[in-house]
J.: 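Sharing a structure below in structure tokens format, with a few things to ask.
Since the model is a prediction, treat every value here as computed from it, not as a measurement.
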Amino acid sequence: VLAAAAGFSASSLVHPYIIMPAKDTKKPAAAAKTAPAKQEKKKAGPKPIKAVEHMSAGLKKGHGLIKRKIAARPRATKGRRTRRIAFIREVVRDVAGFAPYEKRLMELMRNELEKRAMKVAKNKLGTHRRAKVKFAEISETIRKLKEQKSTA
């Protein structure tokens, strides 16, 4: 009774708890005769989510559900470099300078001992990945210092 009042047909009731809308069998005759109008560009975005129909057998059997789009959890965004964090770290670097091991890395890299510098960084920081990141950071700093000397 409620389904009929809401505009659903009795044949669209697949399951007592799932109400599917009735399929519209009428074709719009007026739209087919007129000249095709300019179609608007479709916006590139996520595809609309369709309701999954209930199937009692087959590969996709089970209770019909709608996939929800869940927002990112805070742990997924933790540690992400933002403008604010980058600015704070830049100010700290200007005020505090480099750590002694970073100065040693710079000296080794200037003397073209990259392999030794990488070993020192790995021993100091614990992992190869952290050492690679620090190595790239120090080499970028050396490059900027060279640019400043050449322009001054």
J.: Just checking E140: does its CD atom have more than 12 heavy atoms from other residues, nucleotides or ligands closer to it than 6.0 angstrom?
T.: yes
J.: Working to the nearest 0.5 angstrom, can you tell me the gap between M118 CE and R116 CZ?
T.: 13.0 Å
J.: Using the side-chain hydrogen bond (donor to acceptor under 3.5 Å, both in side chains) criterion, which residues pair with E90? Sequence neighbours excluded.
T.: none
J.: Would you call K144 and E147 a salt bridge, taking side-chain N to carboxylate O under 4.0 Å as the test?
T.: no
J.: Would T127 and K122 count as a side chain to side chain contact (heavy atoms under 4.5 Å, CB included) if you check the C-alpha gap in whole Å, the side-chain angles of each, and the deciding distance to 0.1 Å?
T.: CA-CA 6 Å; T127 66; K122 185 177 180 292; over 6 Å; no
J.: Could you go through residues 96-108 and list every donor-acceptor pair under 3.5 Å that involves a side-chain atom there, pairing it with any protein atom two or more places apart or in another chain?
T.:
{"from": "E102", "atom 1": "OE1", "to": "R93", "atom 2": "NH1", "distance (Å)": "2.9"}
{"from": "E102", "atom 1": "OE1", "to": "A99", "atom 2": "N", "distance (Å)": "2.9"}
{"from": "E102", "atom 1": "OE2", "to": "R93", "atom 2": "NH2", "distance (Å)": "3.4"}
{"from": "E102", "atom 1": "OE2", "to": "K134", "atom 2": "NZ", "distance (Å)": "2.7"}

J.: Is there side-chain contact between I88 and R84, with at least one heavy-atom pair below 4.5 Å?
T.: yes
J.: Begin from the C-alpha positions of H128 and V133 and carry the test side chain to side chain contact (heavy atoms under 4.5 Å, CB included) through to its verdict.
T.: CA-CA 9 Å; H128 185 71; V133 171; over 6 Å; no
J.: For V95, what residues pass the side chain to side chain contact (heavy atoms under 4.5 Å, CB included) criterion, not counting sequence neighbours?
T.: V91
J.: Please report the interatomic distance NZ(K78) to CZ(R73), rounded to the nearest 0.5 Å.
T.: 15.0 Å
J.: Decide if atom CZ of R143 counts as having more than 12 heavy atoms of other residues, nucleotides or ligands within a radius under 6.0 Å.
T.: yes
